Amino acid sequence: MVLKRHRSSGVARELRIAERTVKAHIARISDKLGQQTRLQAVVLSVLVHHALCADTHCECRHAATAAVDPPLPSAS
């Protein structure tokens with residue numbers, strides 16, 4: 001949700017909890033991940049999810065197969 005909503009107020013509204021509660025949870029998660037900011041925690045979470053996700057129906061699988069990186073130029 002944090003990735004889709006970007007704002008604590010939107011997450012709070014969707015979960016029907018106080019915005020302060022959302023911020024407290026995000027701060028706790030960031031701390032447990034050893035990250036200083038919400039953005040760092042989100043980036044780390046996305047990277048770990050993509051590396052460990054085994055769900056063949058997960059949205060990350062569709063995104064990964066749709067975006068193919070072009071080959072890097074050779075150094076020759």
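Each residue takes its place number in the sequence, starting with 1. The shown structure was predicted, so the numbers you read here are calculated from the model rather than taken from an experiment.
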Without placing hydrogens or testing angles, list every side-chain donor-acceptor pair under 3.5 Å for residues 21-33, not counting sequence neighbours.
| residue | atom | partner | partner atom | Å |
| --- | --- | --- | --- | --- |
| S30 | OG | I26 | O | 3.0 |

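- By the side-chain contact (heavy atoms from CB on, under 4.5 Å) test, L39 is found to be paired with T37, V43, residues two or more places apart in sequence or in another chain being considered.
- Considering CZ of R38 and CD of Q40, their distance stands at 13.5 Å, rounded to 0.5 Å.
- To the nearest 0.5 Å, the span separating OG on S45 from NE2 on H50 amounts to 11.0 Å.
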